[in-house]
2 protein chains.
Amino acid sequence: MSAAIRSPQPPLTRSVEDYLKSVFHLTSQGGFATTSDIAAMLEVAPPSVSGMMKRLSETGLIEHVPYRGVQLTPQGRRAALQMIRRHRILESYLTSKLGFDWGDVHVEAERLEHAVSEKLIERMADALGEPRYDPHGAPIPTAAGEIEEAELVTLAEADVGGSVILQEVDDEHPERLHYLAEQGLTPGVRLRVIERQPFNGPTIVRRDDGTTRVVGQELGLLLFCRPTDGE
Amino acid sequence: MSAAIRSPQPPLTRSVEDYLKSVFHLTSQGGFATTSDIAAMLEVAPPSVSGMMKRLSETGLIEHVPYRGVQLTPQGRRAALQMIRRHRILESYLTSKLGFDWGDVHVEAERLEHAVSEKLIERMADALGEPRYDPHGAPIPTAAGEIEEAELVTLAEADVGGSVILQEVDDEHPERLHYLAEQGLTPGVRLRVIERQPFNGPTIVRRDDGTTRVVGQELGLLLFCRPTDGE
DNA sequence: TTTGATAATTAGGCTAGCCTAATACCCTGT
DNA sequence: ACAGGGTATTAGGCTAGCCTAATTATCAAA
């Protein structure tokens, strides 16, 4: 029998925490996370991923189907959600309490999330009033490990003629986030989808203030929206 | 010739940062830091220290006199002071802004100091109003790398009959700090040294409110005081 | 001056994580 | 049914940091 369960679980290393987060994100739509996708996300070589997957499945954090991919076990999912909570609480705290720009908090949180205690995160969450979303609109898992799963559609594929609320934007790349802030494309804004150019062309939207924005397909794929029925 | 100077200096590892801090503390009274003292402080085996000392002197952060000990180079001192600034600003922030107990902040800061950016530390320092002392009374180096050097005497060796201001207490061991707080022995308090028992016995002090405290020698050696002339 | 205790260093090994090169597997298109 | 391209894994190596055991240096006391 395998010794997948250990009573005094050793603390996870930074690397392990990063791998778990990646697997979580890559499997959030269901299915398996592939070796090459994980490698690309973490910027390591595929054999490094294979090696780590072996170790993680031995410790019971993931389920590995060779040549297919991996999924999180309940234990792995719990750890991943804890990391994501840390990350998003940190991003929220840095923007709200220390005046950080929303473009800069991601990389800062990326380092801090491996060093903060549970206690510190809960103090920050408390100071913020237990926020439910981070500055980029991403839902923050609860301390108990529950996360809201919304059915969002990217702006690049939203129905032309319909209305959407911009809910969440990708949190990487400061320049992109600065641009979005300049354009007033921030979480919560209501947009009417006016038209979309063919051949993966840009989407044209109108804000409530009547101004319009032209959003290229690449950017549009990173803007997650909730369709609204009302005009 | 050796290549002690590299233009694009690689970021220091956590370990290196810890070694530099240790050497700084062990040489603060002048002289050399010995291998065994460093090993004891970092809780590693002496040969680990020898190995690291070799690497650090190759990168120009310390000066190593074999079989004697080590000292920081100006570059190493700068790096050490930066770490100490981080540590003390973090301790201050956690107590002032997030309601942490002064006994708990040391271990939290010990982990965070390796993960915070310069920018974050400066934001915290700003939010605190550029504090000059941390919660345990230790002076905080400036961002430029200057630190106040006070001539302090431990309570265990303060002149009997004289008065002192308790300036700084060791920041480790939460229980000890809790005890000190209970006893009202916190930085800033004025104490009159009433008597001291022989054979490394306790020191008896009187606070301004007239109450007295009996402080054993071991504890007294960790309470750093500034003698005052006035009654 | 020699000896012996103590401290420092060298020798040699281990793990976590990464890498490249070589090999094995899977699946799609013919 | 199988050949080939692409993906995954295995093999083998490297570095940082740690360890223990063996060796060497230093210094004080006889």
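A quick note: this is a predicted structure, and the numbers were derived from the prediction, not measured. Residue numbering restarts at 1 for every chain, and letters A, B, ... go by the order of the sequence lines.
Between the side chains of A:Gln167 and A:Tyr133, no donor-acceptor pair is found at a separation under 3.5 Å. A donor-acceptor contact closer than 3.5 angstrom links the side chains of B:His106 and B:His87.
The side-chain heavy atoms of B:Asp18 and B:Glu113, taken from C-beta on, include a pair separated by under 4.5 Å. No side-chain heavy atom of B:Glu91 sits under 4.5 Å from any side-chain heavy atom of B:Glu108.
Counting to the nearest Å, the P atom of D:dC18 and the CG atom of B:Leu56 are 11 Å from each other. The interatomic distance linking B:Glu17 (CD) with D:dG17 (P) rounds to 10 Å, in whole Å. Protein atom CD1 of A:Ile38 is 15 Å distant from nucleotide atom C1' of C:dG17, rounded to whole Å. Rounded to whole Å, atom P of D:dG17 lies 10 Å from atom CG of B:Leu12. Taking atom CZ of B:Arg55 as the reference point, atom P of C:dT10 lies 14 Å away to the nearest angstrom. Counting to the nearest Å, the C1' atom of C:dA16 and the CE atom of A:Met52 are 8 Å from each other. Taking atom CZ of residue B:Arg14 and atom P of nucleotide D:dC18, one finds them 12 Å apart after rounding to whole Å. Across the protein-nucleic acid pair, A:Lys54 atom NZ and D:dT10 atom P stand 7 Å apart, rounded to whole Å.
At the heavy-atom level, B:Ser50 lies under 4.0 Å from base atoms of the strands shown. Contact annotation for B:Ser48: base contact, defined as any heavy-atom pair under 4.0 Å involving a base atom.
Residues A:Ala45 and A:Arg68 both approach DNA chain C. Their nearest nucleotides, taken by heavy-atom distance, put A:Ala45 toward the 5′ side. Residues B:His64 and A:Val16 each lie close to DNA chain C; by heavy-atom proximity, the contact nearer the 5' end of the strand is made by B:His64.
Side-chain proximity of A:Tyr67 to the nucleotides C:dA8, D:dA8, C:dG17 is greatest for D:dA8. With C:dT20, C:dA11, D:dC18 as the choices, the nucleotide that has an atom nearest any side-chain atom of B:Val44 turns out to be D:dC18.
Between A:Thr35 and D:dT9 there is a side-chain N or O to OP1 or OP2 distance below 4.0 Å. Side-chain nitrogen and oxygen atoms of B:Thr34 include none within less than 4.0 Å of the OP1 or OP2 phosphate oxygen of C:dA7. The shortest distance between the side-chain N/O atoms of A:Ser15 and the OP1/OP2 oxygens of C:dA16 is not below 4.0 Å.
A cation-pi arrangement is present between B:Arg123 and A:Phe100 under the rule of less than 6.0 angstrom and at most 45 degrees off the ring axis.
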